[in-house]
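Structure first, commentary second.
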Amino acid sequence: MTSRLDRIAQQRRQKLDRIRGRGIDPYPYGYHRSHTTQQAVEKLKKWESKDATEKAADRLAGKLQVNVAGRIMAIRRMGKSAFFDLRDGSGRIQLLFQDINQFDEKDLELFKDLDIGDIIGVSGPLLWTKSGEPTVWVAEFTLLAKSLQPLPEKWHGLSDVDKRYRQRYLDLIANAEAKEIFRVRSQVIAAIREFLNQRGFLEVETPVLQPLAGGALARPFTTHHHALDQDFYLRIALELHLKRLIIGGFDKVYELGRIFRNEGISTKHNPEFTMLESYEAYVDYQDVMKMLERMVSLIARKIMGRYEIEFGDNNLNFKPPWQRLELRQAIIKYSGIDFEQYPDADSLRAEMLKLKMEVDPQKDRGRLIDELISTFVEPNMIQPTFLLDYPVEMSPLAKTKPGNQRMVERFEAFAGGMEIANAFTELNDPIEQRERFLQQQKERKPEDETTETIDQDFLLALEYGMPPTGGLGVGIDRLVMLLTGQQSIRQVILFPQLREKP
RNA sequence: GGGCCGCUAGCUCAAUUGGAAGAGCAGCUGACUCUUAAUCAGCAGGUUACAGGUUCGAGUCCUGUGCGGCUCACCA
C-alpha cells in the first residue's frame, strides 16, 4: 500500500465516520426501486410521444415519478446544482440535483460527502435536459453503500490485464465490453439448454469426484476424501457417466459442466473449463453433425443477430451447412502426407521428419496424426468446418466405420483455427471396447500419468447393452470466444486461473 | 518448462545518450444553476515490482527473483 492510496481510503473513511456521526446508516438494508435505469429511460421516451395536453396532465399527476438506484459513475458539480451519472445492471441515467439548497442540513451534508463509486437510491420526476439527456430530477436521495476505494479511470477504463482478471469486478465496472462478453456467455448457455430441451434432451448432473478419470486422455487433478480415506480425481470428461445413463434408458441426455485438466495454460486452455456433452440414442455422427451446426448457427443468429462473426482478421460464417472434409484429405491438403500409406508409427514418423518436424520418438501413430492435425490442419480451419473419419488409434471410444477396422465414425468441428467440438458414433460393443482399452493401456508409457486405468464398471454397464448412440462434446468457452471475437480464453472466463500473488 | 516482451502516482500513460521522476483522470480546497471526458484557479500525491551490481550519478545498463502478456513445448 502506498501512502497515496492510504490517503484516499482514509478520506473516504472520514466521510464514512461523518455520515455515521450524523445518524445515517451508510449501509442500509434495502431500497424500493420502481424502475431500472433502462426502464426509466423508456418510460420517458414513451411519455415524450404523447400530445401536449396528456404530457402536462401526466406531469401534474406525478406519473413521471421514479425510484432508481445504482452506482455513481461520474459527478459534475456546478455550484448550486450537480449532474451525476448513475449506473445499474440495466444501463445508466443522469441525475440532476438542482439547487441543492432545497435539501435540509442533514441531506446537504450527505450530498457533499457523496463520491464516485457510492451506491445511492434516488426518487423524483423524469425530464429531458436541454441537451436531450434523459434525467431524474432528484427530489430525495438515500445512500445505499459507501465506497471506500477509488474506481479505475473513467475514460480509459482498466487495461492492466493482470488486474482485470484478479479483480474482475473492477473490469466489469470499468469496461463495458467485458460485461457484454459475460452477458453473451450466459445467453449462449441458456440458448443451448433451450435448444436441447426442446429436442427432448434431459439435462443431468454426474459426479465431479471420480475414482477413475476416464472418457478422455488428460492429466487429472487429484484430491482426497477423508471419511472414505480414498483418493479421487476431478473429472476430465463427462462421457462415461452419460453413456451409463443412455444404457439406463434415458435416450437423450446432456450435461453442461465444469471439467478439469491438469495441463498447460494458454490462450486456448484453462485448467477448469466448461463442456457440453450430449448423447442421443439411435443416431450416428452424421445426425450429430447436423444437430451441432444447427445449434451453433441458431445461437449465433439469436444472440449476436447474425451468422457472420468477426474473429481476428476473419469473418466466420456459421450458416449451415458447414464445410465437410475427410481428415485424411485435409492432412494431405495441408501437409502432403497421406497417413493411409504409413500404417505404423515408424514409417509415419520418418515421413514427418522429412518435413523437418520435430517428432517425439515416443509418440504412437495416433499421436503423430494428431500432431499433423494441430500443426498443419488446425491453423487453416478458419471457417466452420467438420473434419470426418479418424484413425481408430486416436479414438478408443468411437465405433469403426463399416467395413474399415482402422477408421472410426468421428468428427471434430473447427472454427477460427480452434477445435470447438468432438463427436462420434459411440462404440457399443463391450468386447471391442474392452480390447480397445487394453490396447490403449499396452501402449501407455510407464511415466505417462495421463492414461486412465480401465473403468471396469463402465465395461460392465456396456455389457447390459447400449443402443447405437451419437455423442457430442463442445467446448463452451471456445464457442463463446468465437461468438464474442475474443482471442484469449481468459477473456470469457470470469475468474481465470492465475498464479497466487505473493 | 523454454524464448521474447512488460511492470513508473489509485487509474491511463510520459520521461532524449545514464544527468533534477512528469501529465491527464481520480482526490483535496475554492468559483460556478443544463452539465455529460463539464470548465476555471490552487494544493497534495512516488520504495519507478523486489533484491543485488556497475557508475560521480540508474526509471534507463547488468544479474537474480516475483507477477503478467505473447509464443513454443505439453495437451484425445
Side-chain angles (χ1 to χ4, degrees), chain A residues 1-12 14-15 73-86 92-102 115-117 127-135 137 147-167 170 173-175 214-219 236-237 239 261-269 271 358 360 362-364 366-367 369-371 373-375 390-398 408 410 412 419 422 424 440 448-452 473 487-488 490 496 498-502:
Chain A
M1 273 298 158
T2 61
S3 62
R4 188 179 195 181
L5 180 56
D6 281 346
R7 211 166 39 81
I8 293 173
Q10 204 181 358
Q11 284 165 352
R12 296 259 175 133
Q14 282 168 4
K15 289 181 182 178
M73 296 305 292
I75 294 179
R76 296 179 291 280
R77 296 182 195 266
M78 318 183 48
K80 292 196 192 66
S81 72
F83 292 97
F84 285 20
D85 287 342
L86 189 78
R92 64 167 284 280
I93 197 164
Q94 180 171 261
L95 309 180
L96 169 57
F97 295 79
Q98 188 156 23
D99 189 5
I100 53 175
N101 293 322
Q102 69 170 301
D115 284 302
I116 291 173
L127 59 85
W128 295 103
T129 61
K130 282 176 189 166
S131 51
E133 182 78 21
T135 300
W137 190 94
S147 166
L148 301 178
Q149 296 285 339
L151 289 181
E153 207 232 11
K154 61 183 166 187
W155 189 241
H156 299 93
L158 183 67
S159 64
D160 181 333
V161 183
D162 189 35
K163 187 150 282 191
R164 291 182 60 191
Y165 296 154
R166 288 184 200 275
Q167 293 180 274
L170 291 182
I173 290 170
N175 301 323
L217 238 189
R219 180 193 286 203
I236 57 172
E239 177 139 359
R261 295 186 178 177
N262 201 343
E263 282 162 2
I265 295 177
S266 79
T267 48
K268 292 175 188 172
H269 300 84
E358 285 179 29
D360 182 349
Q362 299 280 336
K363 282 187 174 173
D364 58 33
R367 283 165 184 250
I369 293 171
D370 194 48
E371 184 152 334
I373 298 171
S374 51
T375 305
Y390 282 62
V392 65
E393 303 96 305
M394 300 176 67
S395 321
L397 297 159
V408 296
R410 171 181 175 188
E412 289 186 307
E419 180 198 339
N422 180 24
F424 23 90
Q440 192 185 1
D448 192 346
E449 299 172 55
T450 62
T451 311
E452 61 193 317
Q487 302 291 317
S488 168
R490 290 180 159 185
L498 296 175
R499 200 183 294 271
E500 196 69 32
K501 281 242 170 165

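Any value given below was found using the heavy atoms of this structure, including those in side chains, with hydrogens, waters and symmetry copies removed. Predicted model, so just to flag it, every value in this text is computed and none were measured.
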Lys268(A) side chain near rC70(B) phosphate (N/O to OP1/OP2, under 4.0 Å): no
hbond_proxy His269(A) side chain to rC75(B) base (donor-acceptor, 3.5 Å cutoff): yes
Toward the 5' end of RNA chain B, by each residue's nearest nucleotide, Ser159(A) or Trp155(A): Ser159(A)
Expected output: side-chain Asp115(A) to main-chain Gly117(A) donor-acceptor under 3.5 Å: no
Distance in angstrom units between Arg92(A) CZ and rU35(B) P, rounded: 15 Å
Presence of Arg76(A) side-chain N/O under 4.0 Å of rU35(B) phosphate oxygens OP1/OP2: no
Touch class at under 4.0 angstrom, heavy-atom based, for Ser395(A) against every strand present: nothing
Sugar-phosphate only, base, or nothing, as touched by Leu498(A) at under 4.0 Å among non-hydrogen atoms: sugar-phosphate
Touch class at under 4.0 angstrom, heavy-atom based, for Tyr390(A) against every strand present: nothing
Asp115(A) side-chain proximity, nearest of rC28(B), rC67(B), rA38(B): rC28(B)
Check: Glu153(A) side chain, rG24(B) base, donor-acceptor under 3.5 Å: yes
Note, Met394(A) side chain near Ile373(A) side chain (heavy atom, < 4.5 Å): yes
Integer angstrom distance from the C1' of rU48(B) to that of rG30(B): 33 Å
Spacing between Asp160(A) atom CG and rA9(B) atom P, to the nearest angstrom: 10 Å
Residues that Arg92(A) engages under salt bridge (Lys or Arg N to Asp or Glu O under 4.0 Å), provided they are two or more places apart: Asp85(A), Glu133(A)
Residue list, side chain to side chain donor-acceptor pair (under 3.5 Å) with Asp370(A), at least two apart or on another chain: none
P spacing across the pair rC5(B) / rU63(B), given as an integer number of angstrom: 11 Å
Glu419(A): partners by salt bridge (Lys or Arg N to Asp or Glu O under 4.0 Å), with sequence neighbours left out: none
Between the protein and nucleotides 30-34 of chain B, list every N/O to N/O distance that falls short of 3.5 Å.
| unit_1 | atom_1 | unit_2 | atom_2 | d |
| --- | --- | --- | --- | --- |
| rC32(B) | N3 | Gly79(A) | N | 3.0 |
| rC32(B) | N4 | Gly79(A) | N | 3.3 |
| rU33(B) | OP2 | Lys80(A) | N | 3.4 |
| rU33(B) | O4' | Ser81(A) | OG | 3.2 |
| rU33(B) | O2 | Gln98(A) | NE2 | 3.2 |
| rU33(B) | O4 | Asp99(A) | OD2 | 3.4 |
| rC34(B) | O2 | Lys130(A) | N | 2.8 |

Euclidean distance, atom CZ of residue Arg164(A) to atom P of rC11(B) [Å, nearest integer]: 15 Å
d(CD1, Ile265(A); P, rC72(B)) in whole Å: 16 Å
Side chain of Gln440(A) (C-beta onward), nearest among rC75(B), rU12(B), rA76(B): rA76(B)
Contact nearer the 5' end of RNA chain B, comparing Gln94(A) with Gly157(A): Gly157(A)
Show the distances under 3.5 angstrom between N or O atoms of the protein and N or O atoms of nucleotides 3-7 of chain B.
none

Each stem that RNA chain B is part of, given as range with range (3 or more consecutive Watson-Crick or G-U pairs, under 3.5 Å): B:1-7 with B:66-72, B:10-13 with B:22-25, B:27-31 with B:39-43, B:49-53 with B:61-65
C1' atoms of rG59(B) and rA21(B), separation to the nearest Å: 8 Å
Leu158(A), nearest nucleotide to its side chain (from rC25(B), rU12(B), rU35(B)): rU12(B)
By salt bridge (Lys or Arg N to Asp or Glu O under 4.0 Å) - contacts of Lys268(A) (at least two apart): none
Shortest side-chain distance from Lys15(A), nucleotide among rA76(B), rG27(B), rG10(B): rG27(B)
With Asp162(A) via side chain to side chain contact (heavy atoms under 4.5 Å, CB included) - residues at least two apart: Asp160(A), Arg166(A), Leu498(A), Lys501(A)
Value in whole Å for how far the P atom of rU35(B) lies from NZ of Lys154(A): 16 Å
Presence of Ser374(A) side-chain N/O under 4.0 Å of rA76(B) phosphate oxygens OP1/OP2: no
Integer-rounded Å distance: rG66(B) P and Asp162(A) CG: 15 Å
Between rU8(B) and rC13(B) - P atom distance, rounded Å: 10 Å
Shortest non-hydrogen contact from Arg410(A) toward Ser395(A): NH1-OG, 2.8 Å
Short side-chain N/O contact from Arg499(A) to OP1 or OP2 of rG68(B), under 4.0 Å: yes
Residues which pass side chain to side chain donor-acceptor pair (under 3.5 Å) with Thr129(A), listed by chain and number, not counting sequence neighbours: Ser131(A)
Between rC32(B) and rG24(B) - P atom distance, rounded Å: 24 Å
Least distance between heavy atoms, Leu158(A) atom then Ala174(A) atom: N-CB, 3.8 Å
Rounded distance in Å between the P positions of rU17(B) and rU54(B): 25 Å
Distance test, side-chain N/O of Arg166(A) to OP1/OP2 of rG68(B), below 4.0 Å: yes
Non-neighbouring partners of Glu153(A) that pass side chain to side chain donor-acceptor pair (under 3.5 Å), sequence neighbours left out: His156(A)
Leu148(A) CG to rG27(B) C1', straight-line distance once rounded to whole Å: 14 Å
Gap in Å between the two C1' atoms, one belonging to rG1(B) and one to rG18(B), rounded: 36 Å
Phosphate-side-chain proximity, Lys163(A) and rC11(B), N/O vs OP1/OP2 below 4.0 Å: yes
Donor-acceptor contact present, side-chain Glu263(A) to main-chain Arg219(A), <3.5 Å: yes
Contact check, side chains of Pro134(A) and Trp128(A), non-hydrogen atoms, under 4.5 Å: yes
Partner residues of Arg261(A) under the side chain to side chain donor-acceptor pair (under 3.5 Å) criterion, sequence neighbours left out: none
Atom pair distance, as rounded to whole Å: CD in Gln10(A) and C1' in rA26(B): 17 Å
P atoms of rA51(B) and rU60(B), separation to the nearest Å: 13 Å
Side chain to side chain contact (heavy atoms under 4.5 Å, CB included) involving Thr267(A) - partner list, sequence neighbours excluded: Ser488(A)
